[in-house]
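Below: one structure, written as structure tokens.
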There are 2 protein chains.
Amino acid sequence: MSESTVELDSVANILKLLGDKTRLTMIKILDTHDACVCEFVEIFKTSQPAISQHIRKLKDAGLVRETRRGQWIIYSLSKDSPYYPLVQDLLLHLPNQDFRLKELEEQGLRISCE
Amino acid sequence: MSESTVELDSVANILKLLGDKTRLTMIKILDTHDACVCEFVEIFKTSQPAISQHIRKLKDAGLVRETRRGQWIIYSLSKDSPYYPLVQDLLLHLPNQDFRLKELEEQGLRISCE
DNA sequence: ATTGAATATAATCATTTGCTTATATAATAA
DNA sequence: TTATTATATAAGCAAATGATTATATTCAAT
């Protein structure tokens, strides 16, 4: 069969991880654009530590990987995760979140990280 | 497009709900077989109130519906839920759980509810 | 009517979660 | 070297979660 199944317990963990509005939105955004912590801070109007902690969970689960670029750390979806296919299927059911990055650009806050 | 997207917040809630080993297994089982509380009690080797409370959450979210049959209440997937397509996609990534019902039958515990 | 079986609900409690504040680290710029 | 910016980490705390025990409800059988 073409569907790759994974351990049920692991899937439950992934779903718990994505069962959070902030993290789910992050992943949806990262599906189309890499981003840094400071951008998420703006988008979610919350504290930097809060964002860092969300990101760490996603990173610990292997869903996201980081690349340092100067003083910024750019986060992106880790496409080689065994859960990537599952996550992709999930994201199809979510409305596009590009408007959030658009808002940032209008405020001139997106460029600040590049 | 053919994909039906739903509110991101609602999806986060559904994922949180399914981000629990017990509930996720329940849904996977219900995808192929209706079941009653007493069967889940046997399968998960946990207390009856614990199972009832899990079921209530699934019911409150509209993922599951109940049908009384004598003294038993039979639970089944609610296929008209707006989240049914999402759930179906999810379940494809999970290993089959039929062995759990098979074990029940071998112990003669499945028939007890019919 | 009474008993028993299946299920639900309520109260309680320990654990987990997600935030906050405060502080540390790492890279850049002056 | 010192200051600044981006990010991480730690500690503390309130709220949410999932179990347990005890009790209520509902239907069936006697």
Side-chain angles (χ1 to χ4, degrees), chain A residues 8-9 12-27 29-30 34-61 63-76 104 107-114, chain B residues 9 12-27 30 34-61 63-76 104 107-114:
Chain A
L8 188 142
D9 289 25
N13 284 334
I14 296 295
L15 298 184
K16 184 189 296 181
L17 205 61
L18 299 184
D20 174 277
K21 185 185 155 177
T22 303
R23 287 191 296 265
L24 186 59
T25 309
M26 282 178 162
I27 290 286
I29 290 175
L30 290 177
D34 297 354
C36 64
V37 167
C38 61
E39 290 174 313
F40 285 132
V41 169
E42 285 302 325
I43 288 174
F44 295 109
K45 307 264 187 272
T46 184
S47 73
Q48 173 266 314
I51 296 295
S52 279
Q53 284 158 22
H54 281 303
I55 293 241
R56 182 162 48 150
K57 291 186 181 186
L58 295 173
K59 219 172 49 182
D60 287 350
L63 293 188
V64 148
R65 66 157 201 272
E66 65 182 37
T67 314
R68 187 170 270 282
R69 192 148 75 199
Q71 57 189 319
W72 293 279
I73 300 178
I74 309 294
Y75 290 94
S76 52
L104 275 200
Q107 297 174 275
L109 291 169
R110 176 138 170 85
I111 310 109
S112 73
C113 285
E114 318 218 351
Chain B
D9 289 23
N13 283 335
I14 296 294
L15 297 185
K16 183 190 294 181
L17 205 60
L18 299 184
D20 173 277
K21 187 185 153 178
T22 302
R23 287 190 295 263
L24 187 58
T25 309
M26 282 177 163
I27 291 286
L30 290 177
D34 297 354
C36 64
V37 166
C38 63
E39 290 173 314
F40 286 133
V41 169
E42 285 301 324
I43 288 174
F44 295 109
K45 306 264 187 274
T46 183
S47 72
Q48 173 266 314
I51 296 295
S52 278
Q53 284 158 22
H54 281 303
I55 293 239
R56 180 162 50 150
K57 290 186 180 186
L58 295 173
K59 219 173 47 181
D60 287 351
L63 295 187
V64 148
R65 66 157 201 271
E66 65 181 36
T67 314
R68 186 170 270 281
R69 190 148 76 200
Q71 57 189 319
W72 294 279
I73 300 177
I74 308 295
Y75 290 95
S76 53
L104 275 200
Q107 297 174 275
L109 292 168
R110 178 136 170 87
I111 310 113
S112 74
C113 286
E114 320 217 353

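Below, read A as the first sequence line, B as the second, and so on, with proteins coming before strands; counting in each chain starts at 1.
Contact annotation: B:His54 side-chain N/O to D:dA19 OP1/OP2 distance is under 4.0 Å.
The CD-P distance, from A:Gln48 to D:dT7, rounds to 8 Å in whole Å. One atom, NZ of A:Lys45, and another, P of C:dT20, lie 14 Å apart when rounded to the nearest Å. In this structure, B:Ile74 atom CD1 and C:dA8 atom P are separated by 11 Å, rounded to whole Å. Between B:Ile51 atom CD1 and C:dT7 atom C1' there is a gap of 12 Å when expressed in whole angstrom units. In this structure, B:Glu42 atom CD and C:dA6 atom P are separated by 10 Å, rounded to whole Å.
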Atom pairs and distances, side-chain donor-acceptor, residues 52-60 of chain A, under 3.5 Å, sequence neighbours left out:
unit_1  : atom_1 : unit_2  : atom_2 : d
A:Ser52 : OG     : A:Gln48 : NE2    : 3.0
A:His54 : ND1    : A:Arg23 : NH1    : 3.0
A:Lys59 : NZ     : A:Glu66 : OE1    : 2.9

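With contacts defined as side-chain heavy-atom distances shorter than 4.5 Å, the pair B:Leu18/B:Leu63 qualifies. Put simply, the side chain of A:Ile43 reaches to within 4.5 Å of the side chain of A:Ile29, judged on heavy atoms.
Of all nucleotides listed (D:dA8, C:dT7, D:dT7), C:dT7 comes nearest to the side chain of B:Trp72. With distances taken from any side-chain atom of A:Tyr75 to the nucleotides D:dT9, C:dA8, D:dT7, the minimum falls on D:dT7. The A:Gln53 side chain lies nearest to D:dT9 when the options are D:dT9, D:dA8, C:dA8. Comparing D:dA10, C:dA6, C:dA8 by their closest approach to the side chain of B:Gln71 singles out C:dA6.
Toward the 5′ end of DNA chain D lies the nearest nucleotide of A:Arg56, the other residue of the pair A:Arg56 and A:Lys16 mapping further downstream. Each of B:Ile73 and A:Ala50 was matched to the nucleotide of DNA chain C holding its nearest heavy atom; the match closer to the 5' end belongs to B:Ile73.
Counting non-hydrogen atoms under 4.0 angstrom, B:Lys57 reaches the backbone sugars and phosphates but no base.
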